[in-house]
Asks: 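Pasting a structure here, questions to come.
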Amino acid sequence: DVLISHGLSDPKKLAQSSRLIWVLTAGHPQLVHACVRNLQSKGWPPVREADFLKTEDFEHVRTTVRRRLIDELPSEGARYIAYRLSLITGRFPRQMALDLA
């Protein structure tokens with residue numbers, strides 16, 4: 001859906017790109033968005049095995065998120081909870097965050 005909303009309509013490229021994005025991001029929303037924007041800016045290049053080795057865009061997103069986390073959560077305790085919650089893939093209930101806190 002994200003690929004289609006960013007203008008990719010070729011069924012073959014959709015299948016290839018979605019697999020690549022899933023492998024690289026495990027569905028993490030910010031990483032997915034960064035990967036899609038990167039592919040879009042390059043004109044939806046064909047997926048090659050070498051693409052699995054490139055991580056520059058993801059490192060930029062990770063660095064930005066870490067900086068933002070420190071800026072928005074100045075307390076070491078709050079950051080610790082956020083780090084622990086970031087290990088959970090998928091959704092988690094609010095109560096889980098409160099229990100962890």
Asks: Say you draw a straight line from CZ of R67 to OG1 of T63; how long is it, rounded to the nearest 0.5 Å?
Replies: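 Nearest 0.5 Å value for the CZ-OG1 distance: 6.0 Å.
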
Asks: Extract all donor-acceptor atom pairs below 3.5 Å that involve side chains of residues 94-101 and protein atoms in other chains or at least two apart in sequence.
Replies:
residue: Q95; atom: NE2; partner: D99; partner atom: OD1; Å: 2.8

Asks: I'd like to check I21 versus V2 (side-chain heavy atoms, cut-off strictly below 4.5 Å). Are they in contact?
Replies: no

Asks: Could you see if Y80 belongs to whatever hydrophobic cluster contains I70? Use Ile, Leu, Val, Met, Phe, Trp, Tyr and a side-chain cutoff under 4.5 Å.
Replies: no

Asks: So if you build clusters from Ile, Leu, Val, Met, Phe, Trp, Tyr with side-chain heavy-atom gaps below 4.5 Å, do L14 and V36 land together?
Replies: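 Shared cluster, yes.
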
Asks: Which atoms form the tightest heavy-atom contact between S18 and L3, and what is the distance?
Replies: N-CD1, 3.7 Å

Asks: With a 4.5 Å heavy-atom cut-off, do W22 and V32 have their side chains touching?
Replies: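 A side-chain contact is absent here, since even the closest heavy-atom pair is not under 4.5 Å.
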
Asks: Is there any side chain to side chain donor-acceptor pair (under 3.5 Å) pair reaching into residues 2-12, and which pairs are they, with sequence neighbours excluded?
Replies: none

Asks: Mind checking the OG1-NE2 spacing from T25 to H28? Nearest 0.5 Å is all I need.
Replies: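 Result: 9.0 Å between the selected atoms.
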
Asks: Check for a donor-acceptor pair, side chain of K13 on one end and backbone N or O of W44 on the other, with a separation under 3.5 Å.
Replies: yes

